[in-house]
Amino acid sequence: MKAILLTASRMFVLLMACGLAACGGDDGTEMASQPAVMARIEGSVIYRERMLLPPGFEVEVQLQDISKADAMAAVLDAVLLTPGGAPPYRFAIEYDPAEINPRMRYALRATISDGDRLLFTSTDYIDPFKGNPVEILVHRVPEPVRRDGPSLEGVTWILQTLEGQPAPVGAEGKSVDIQFAVPELQAGGFSGCNRYTGGYGREGVAEQGSPLKFGPLAGTMMACVDGAELEHRYLQLLGRVTAFQLDGNTLSLLAGPEVVATFKAP
């Protein structure tokens, strides 16, 4: 009887050990293979102007990290649509909640473009996490206006010099450029590898020239063999700009008294 009890005890311990090992293995497998649970932002992009857009126009909505005031906004995710027809244009963006830091600031930004030409852009802060559905109102970007000579706004300015040296070209041999649009006070263009956009202001007092200050910049996230270093230098330089000067078809950007970049109008 004693031997039987001893054997049963040993069997009980052995079964318990196997059970614990099996459970531990299951937990490890589940943790390793468990996919990320994605969250979803749904909404629509609208505009109020009574107009038809050209065939093939594109609607882009980006989820951006805008926490750093002196740096380019980081794009966490984006969706690009070619919906056709009239608004509203429905969209959905999926993101990983584990990538969202509650100490950071996030926003939704929408644009409507016809090729390289920006037609509409959002100008208000849109909280991506206020609840579905989200409605984003975009405003029309005015067509260029030319008078006796080019003004700051409404012109595509082509980069000529950067910090006193002739400006190199970017990816695919394209030149860096910048455009300013009113009344939205949005600037953007090609930065050497990606397209960029952001706000700007003309208030305040400048040491020389007329006041000009760029806000946070956002851009596409393409990787380029050529143009990446140029893009990094150029975007950092825009963060230093305090003023501008116009002399005929030449635009100069200044940091204090120093001319840090010059552009030409075509």
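For reference, positions follow the sequence shown, starting with 1.
- When every heavy atom of Met222 is checked against every heavy atom of Cys193, the shortest pair comes out as O-SG, 3.4 Å.
- Using the six-membered ring where Trp is involved, Phe180 and Tyr200 have ring planes that are perpendicular, over 60° apart on the 30 and 60° scheme.
- The minimum heavy-atom distance between Leu235 and Ser191, with the atom names listed, is CD2-CB, 4.1 Å.
- Side-chain atoms of Ser67 come within 3.5 Å of backbone atoms of Arg105 as a donor-acceptor pair (strictly under, hydrogens ignored).
- Taking hydrophobic clusters as Ile, Leu, Val, Met, Phe, Trp and Tyr residues chained together by side-chain heavy-atom distances below 4.5 Å, Ile136 does not share a cluster with Val75.
- Taking CG from Leu137 and OG1 from Thr123, the interatomic distance works out to 7.5 Å, rounded to the nearest 0.5 Å.
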Steps toward salt bridge (Lys or Arg N to Asp or Glu O under 4.0 Å) verdict (Arg195, Glu60):
CA-CA 13 Å; Arg195 297 201 63 81; Glu60 184 177 23; over 6 Å; no

Going through the checks in order, is the side chain to side chain contact (heavy atoms under 4.5 Å, CB included) test met by Leu230 and Leu162?
CA-CA 9 Å; Leu230 168 63; Leu162 194 63; 3.8 Å; yes

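- Contact of the Leu63 side chain with the Leu108 side chain is registered, since non-hydrogen atoms from C-beta on lie closer than 4.5 Å.
- Taking the six-membered ring where tryptophan is involved, the planes of Tyr234 and Tyr196 are perpendicular, since the angle between them exceeds 60° and thus also 30°.
- Looking at Tyr47, its side chain does come within 3.5 Å of a backbone N or O of Met51 through a donor-acceptor pair.
- Hydrophobic cluster membership differs between Val61 and Ile46, with clusters built from Ile, Leu, Val, Met, Phe, Trp and Tyr side chains linked at under 4.5 angstrom.
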Solution key, residues 125-135 side-chain donor-acceptor pairs under 3.5 Å, sequence neighbours excluded:
| residue | atom | partner | partner atom | Å |
| --- | --- | --- | --- | --- |
| Tyr125 | OH | Tyr106 | O | 2.8 |
| Asp127 | OD1 | Phe129 | N | 2.9 |
| Asn132 | OD1 | Glu42 | N | 2.9 |
| Asn132 | ND2 | Arg40 | O | 3.1 |

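- Interatomic distance, CG of Asp65 versus CG of Asn101, reported as 8.5 Å (0.5 Å rounding).
- Minimum interatomic distance between Thr121 and Arg109 (heavy atoms only, all atoms of both residues): OG1-NH2, 2.9 Å.
- Val45 and Leu80 are members of different hydrophobic clusters when ILVMFWY side chains are connected at heavy-atom separations under 4.5 Å.
- The CG atom of Leu254 lies 5.0 Å from the CD atom of Gln245; values are rounded to the nearest 0.5 Å.
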Please test Ile158 against Phe263 for side chain to side chain contact (heavy atoms under 4.5 Å, CB included), starting from the C-alpha separation and ending with a verdict.
CA-CA 5 Å; Ile158 309 300; Phe263 299 76; 5.8 Å; no

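- Annotation: the span from Arg140 atom CZ to Leu118 atom CG amounts to 12.0 Å, rounded to 0.5 Å.
- When the shell of 6.0 Å around CG of Asp247 is examined, it contains 12 or fewer heavy atoms from other residues, nucleotides or ligands.
- By the 4.5 Å heavy-atom criterion applied to side chains, Arg202 and Pro211 are not counted as neighbours.
- Between Ile93 and Phe91, the shortest heavy-atom contact is CG1-CD1, 4.3 Å.
- Donor-acceptor pairing under 3.5 Å is lacking for the side chains of Gln160 and Thr262.
- In this structure, Leu237 is not a member of the same hydrophobic cluster as Phe190, with clusters built from ILVMFWY side-chain heavy atoms closer than 4.5 Å.
- Note: Leu76 CG to Met221 CE = 9.0 Å, rounded to the nearest 0.5 Å.
- In this structure, Glu94 and Asp77 approach most closely via the heavy-atom pair O-OD2, 2.6 Å.
- Taking the centre of each ring, Tyr89 and Phe57 come in below the 6.0 Å mark.
- Distance check, rounded to the nearest 0.5 Å: CG of Asp114 to CG of Leu53 gives 8.5 Å.
- A continuous path of hydrophobic side-chain contacts links Leu185 to Trp157 [ILVMFWY only; heavy atoms under 4.5 Å].
- Contact between Ser122 and Val138 at its shortest, heavy atoms only, is N-CG1, 3.7 Å.
- Proximity of a side-chain donor or acceptor of Asn249 to a complementary backbone N or O of Lys264 within less than 3.5 Å is not detected.
- Checked by atom type and distance alone, the side chain of Thr242 pairs as donor or acceptor with a backbone atom of Gly256 at under 3.5 Å.
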